[in-house]
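Worksheet: one structure, shown below.
Throughout, a chain's letter reflects where its sequence line sits, starting with A, and its residues are numbered from 1. Everything numeric in this text was worked out from a predicted model, so none of it was measured.
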Amino acid sequence: MSEFELPSLAIVGHPNKGKSSIVSTLSQDGSVGISPVSGTTVVNRSFPMRVDGTTLYQLIDTPGFQRSRSAMDWMQQHSTSASDHRQTVINFVEQHKEDPRFEAECQLLEPILKGAGILYVIDGSTPYGPEYDAEMEILRWTGQPSMALINQIGEAEYFDQWQQPLAQYFKIVRTFDAQQASFERQVQLLTGFSELADSWRDPLQKAASILRQQRKNRIIQASDSIIETLISMSNYSQRIPVRESSTESEQDRLTLQFQKSLVAMEAANRVEIEQLFQHHQLERSDTEFSLTEDDLFSENTWSVFGLTRDQLVTTGIVGGAAGGSLMDIGSGGLTLFLGSGLGALVGGASAWFGSQQMIKTKILGLPLGGSELVIGPVVNPNFQWVVLGRAINHLQHICRRTHARRDTLILGNDELSVSIEQATESSGEQHFSDKLEKDEKNSLRSILNRIANQKALTESDRQKFSRIISRQIPGWYE
Amino acid sequence: MQKLSLLGDLIDIKEQIDLDRDIDRATLRKRDREIGLSEDGKNNSAKSKIVRLRSWINQIRSSTETSSKGQKVDKSMRSIIVVCWLVGAVSGYLLASSVLAYDGSQPVNLLIALLVLIGVQTLALLLLCVLLMFNQTKILEALAVLNPANLIMHLISKIQPTWKEAIEKYFSRFKSSGEFGLLPQMTTYLAQHFAIALNIGMLASLFYLVTVSDLAFGWNTTLNIQNETVSQFLQGIATPWQAVLPAAVPDDSLVEASRYYRLQSKLHSEGWEARELGTWWLFLAMCIVVYGFLPRLSALVIAGIHYDKCVTRATLSLTGSSQVLARMSDPLVSADAQSPEVSVPVSVTRPGLPGRQAARKIECVLVEWSGCEATDKALTKVGIVPHSRLQAGGRQTLSEDKVTIKATSQIQAEGIAISIKAWEPPMLEFIDFITLLRKSVSANLPIIVLLKPLPDQTVSTTQIETWETALGAVSDSALYLESL
């Protein structure tokens with residue numbers, strides 16, 4: 001099947017009116033050059049939508065018209081009647097394809113003459129002017145199915161002014177905001193292209209269905225990634241061996257390092273989600289949360305043979321009880337488990353009191369144990385809520401953001417030191433938990449408590465959690 | 001490449017997921033989708049997921065020449081199992097040899113033999129069952145120091161660094177979080193290998209001693225316990241094999257005859273041949289088989305199943321494993337450009353347009369480009385007095401533009417002003433017009449391009465810069481740019 005038997009749409013128009021923005025949004029390709037300087041696009045670029053190697057449709061980004069009046073002038077001079085308009089355009093391209101003066105015109109007309117439909121883009125925030133007439137006339141002369149798209153930049157206050165001239169040249173006129181369009185709006189526009197040709201309906205419907213499923217999968221994957229990160233951050237602790245010469249500054253250093261590690265985990269999650277939604281070039285400004293010593297669990301601990309004091313005492317108790325039980329068995333039960341009890345007591349006490357001595361004991365110059373400083377996990381009860389809130393806020397922004405946007409993503413600020421309510425007020429955005437149903441909120445509280453207490457989540461908990469996160473995303477459907 | 005154990009695959013899957021972090025997403029999606037398409041399993045069960053993940057790592061591994069960490073860990077695991085068997089068998093042999101040591105002065109104490117050879121390991125097995133039943137993995141971890149398999153694992157880690165790394169790096173998360181208890185499950189599983197070998201060693205020792213020496217068994221106690229009670233107790237123990245091997249079941253008379261008192265230095269009952277006291281060995285052997293070997297065999301199977309489940313859970317819970325599965329099952333959708341962008345380099349250093357002394361008013365011919373009207377008031381503000389107004393661009397034809405250019409050149413004025421819409425981009429058509437215009441007038445005659453903003457707005461910096469860049473490329477020293 002030739003590439004133009006598939007739904008193909010050439011995005012054409014005046015320079016700098018958002019053609020590339022529309023292509024960038026519909027193809028979810030943030031690498032498309034979008035610049036206020038006109039003439040950024042100098043050659044056609046094809047954006048085929050492929051599913052496992054099979055192309056369903058293609059968009060073609062084209063350079064803007066540069067000398068439309070000159071081109072129209074040539075065509076009018078070489079046309080004898082309305083019936084040869086298309087042939088005249090073909091002749092124009094044939095004769096001028098090597099002419100640098102008409103490089104843009106030849107480029108943009110080439111796919112149209114090969115069978116691509118026309119999507120003529122204008123900017124609804126600036127008024128109509130007669131300079132557009134020539135290019136619209138040339139497009140009409142090609143005889144290809146066409147649609148005008150008013151790129152609704154800003155207020156689009158000249159929308160009405162555009163309606164009449166566009167209606168003269170195009171049967172279908174639509175509006176679209178390439179910067180702000182929701183995902184569903186993007187899919188609607190895509191399926192709307194089937195109005196240009198009946199044969200496009202099936203592939204475009206299929207593409208829409210795949211894009212919706214892809215979106216759903218991405219949200220689920222993003223939710224899973226958030227859950228993983230939250231668990232890792234909640235479980236995270238750091239430890240360093242403590243020497244006798246260790247100072248308080250070492251504890252401060254470890255606390256700082258601990259916080260940096262948490263921030264890095266969160267940042268890695270942000271990048272992963274952005275990559276998942278193909279926002280590869282995104283610049284983000286995010287405020288790091290800060291932790292105080294009160295937020296952290298910290299203790300001086302030690303180990304012998306890699307066992308903590310509790311583990312060592314348990315081992316002593318069980319070992320002593322096992323030894324004592326031999327006495328009980330030997331006496332035929334007449335000792336009434338006294339042997340086991342005494343053995344456990346002696347074993348446990350020896351482990352407890354002898355452990356300090358064992359730390360210092362060296363065998364072949366190697367110490368049996370040693371003290372270490374443990375920082376983490378975070379004990380602030382707000383931690384999981386705030387981290388989750390920040391992650392959902394980021395995910396919401398990412399899901400709302402079209403690929404045409406080139407501005408920096410600015411995220412809100414949550415602090416652990418204040419309550420959830422205060423934190424969300426300070427960020428200027430409503431915390432996601434405020435929108436939850438009562439049952440959902442209770443489920444979430446229970447799940448977050450499990451995570452805070454470092455208990456494993458069941459598969460059902462994970463699914464429930466993932467669903468709660470997914471439901472916070474605009475346009476999510478079950 | 002040989003297939004690895006579940007553990008080996010877990011290690012390699014984790015390694016690969018870590019390596020994949022440095023590979024771009026598109027490449028990963030393509031690679032994993034291709035693997036996914038070659039797979040049959042599409043359902044979402046844990047079993048299907050683990051099969052797909054293992055198939056994924058197998059296919060990736062098959063493309064590399066070097067041996068993976070998973071292979072090395074597998075090799076270490078096999079070494080540990082072999083050492084467990086060797087140490088277990090030797091320990092069992094030595095233990096039984098010492099318990100059954102008999103120099104003819106005193107018979108081997110049957111009760112001590114039962115207690116040491118069967119009792120201790122039965123108690124340990126019961127404790128293990130209770131701990132596993134109540135999921136007390138932390139106590140299991142604490143008791144690991146008493147587990148011979150654990151000691152062997154740590155000994156192996158001294159000579160095989162990969163195993164040490166595996167314990168420290170890969171199992172630490174599962175160990176510390178208590179989430180999967182992978183390490184306790186592994187040591188429990190390995191301990192069963194050790195225990196089976198221990199029982200085999202004990203049986204081997206027993207058979208050896210029975211074959212090459214004359215063993216005699218007896219029992220004694222200070223307590224006032226009747227022979228019948230002991231007989232019932234021992235027959236109770238022998239219940240499992242009573243029907244199939246009656247010769248291995250002690251009868252009352254044998255129990256009574258085997259009781260001895262050390263002071264008497266001879267057997268309590270007269271009339272019994274010392275040879276017959278050796279018949280206890282069959283009972284002892286059956287005790288080892290039924291209460292030692294077989295339970296440990298069952299425990300090995302059960303521990304193996306638990307261990308596999310644990311590794312499966314750990315694999316599915318690996319950060320990144322769900323992403324791998326998603327990449328395998330989700331269609332490979334791409335809608336991005338197939339070729340790199342070709343852009344005209346925008347000159348950063350604009351040639352710049354010379355500044356005009358706007359304070360001095362000059363009389364100009366005003367050309368309104370594409371119907372861009374400029375009011376006298378706006379023109380006065382920038383020091384321009386319109387001499388006459390002409391049209392160009394927009395709906396005008398090129399011939400009409402030429403007429404405008406000709407007319408402009410014929411009017412005697414101090415300069416030419418062209419009003420243009422600031423919000424529209426500079427088109428090459430306009431540049432053509434400026435170039436033609438310059439050719440028809442003196443090179444020193446000022447041509448002033450006036451940017452007109454949208455109603456109620458001012459000309460933006462971006463618009464000025466865009467126009468400066470475009471007009472700067474004309475290289476005309478008498479071309480000016482101003483905003484209305």
N/O donor-acceptor pair under 3.5 Å between B:E429 side chain and A:S70 backbone: yes
Heavy-atom side-chain proximity of [X] to [Y] below 4.5 angstrom:
X      : Y      : answer
A:R69  : B:Q396 : yes
A:S125 : B:W423 : no
A:K17  : B:E424 : yes
B:S334 : A:M49  : no
A:Q28  : B:D336 : no
A:S225 : B:Q323 : yes

Rounded to the nearest 0.5 Å, how far does [atom2] of [Y] lie from [atom1] of [X]?
X      : Y      : atom1 : atom2 : result
A:E105 : B:L428 : CD    : CG    : 8.5 Å
A:D52  : B:D330 : CG    : CG    : 10.0 Å
B:S322 : A:I220 : OG    : CD1   : 10.5 Å
A:E131 : B:F430 : CD    : CZ    : 11.5 Å
A:L276 : B:R29  : CG    : CZ    : 9.0 Å

Which bit of [X] comes within less than 4.5 Å of chain B, counting heavy atoms only: side chain, backbone, both or neither?
X      : result
A:D73  : side chain
A:L59  : neither
A:Q275 : both
A:T54  : neither

Checking [X] against chain A: side chain, backbone, both or neither under 4.5 Å from a heavy atom?
X      : value
B:K421 : side chain
B:D432 : side chain
B:R25  : side chain
B:E34  : neither
B:L127 : side chain

Please give me the minimum heavy-atom distance between [X] and [Y], naming the atom from each residue.
X      : Y      : value
A:S27  : B:A335 : CB-O, 2.9 Å
A:Y128 : B:R395 : OH-NH2, 3.1 Å
A:Q66  : B:P426 : OE1-O, 4.3 Å

Near A:E103 CD, under 6.0 Å, is it more than 12 heavy atoms from other residues, nucleotides or ligands?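 No, not enclosed.
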Counting neighbours of CD on A:Q281 that are heavy atoms of other residues, nucleotides or ligands and sit closer than 6.0 Å, is the number greater than 12? yes
Should B:L454 and A:Y158 be marked as a side chain to side chain contact (heavy atoms under 4.5 Å, CB included) after you check the CA-CA gap, both sets of side-chain angles, and the distance that decides it? CA-CA 11 Å; B:L454 281 167; A:Y158 297 97; 3.9 Å; yes
Between B:A124, B:S399, B:G119, B:G393, which shows the greatest number of heavy-atom pairs under 4.5 Å with chain A?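 Maximum pair count with chain A is reached by B:G393.
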In terms of heavy-atom pairs under 4.5 Å with chain A, the winner among B:C372, B:G371, B:G320, B:A337 is B:A337
Step by step, would you call A:R50 with B:L332 a side chain to side chain contact (heavy atoms under 4.5 Å, CB included)? CA-CA 8 Å; A:R50 289 185 176 153; B:L332 188 63; over 6 Å; no
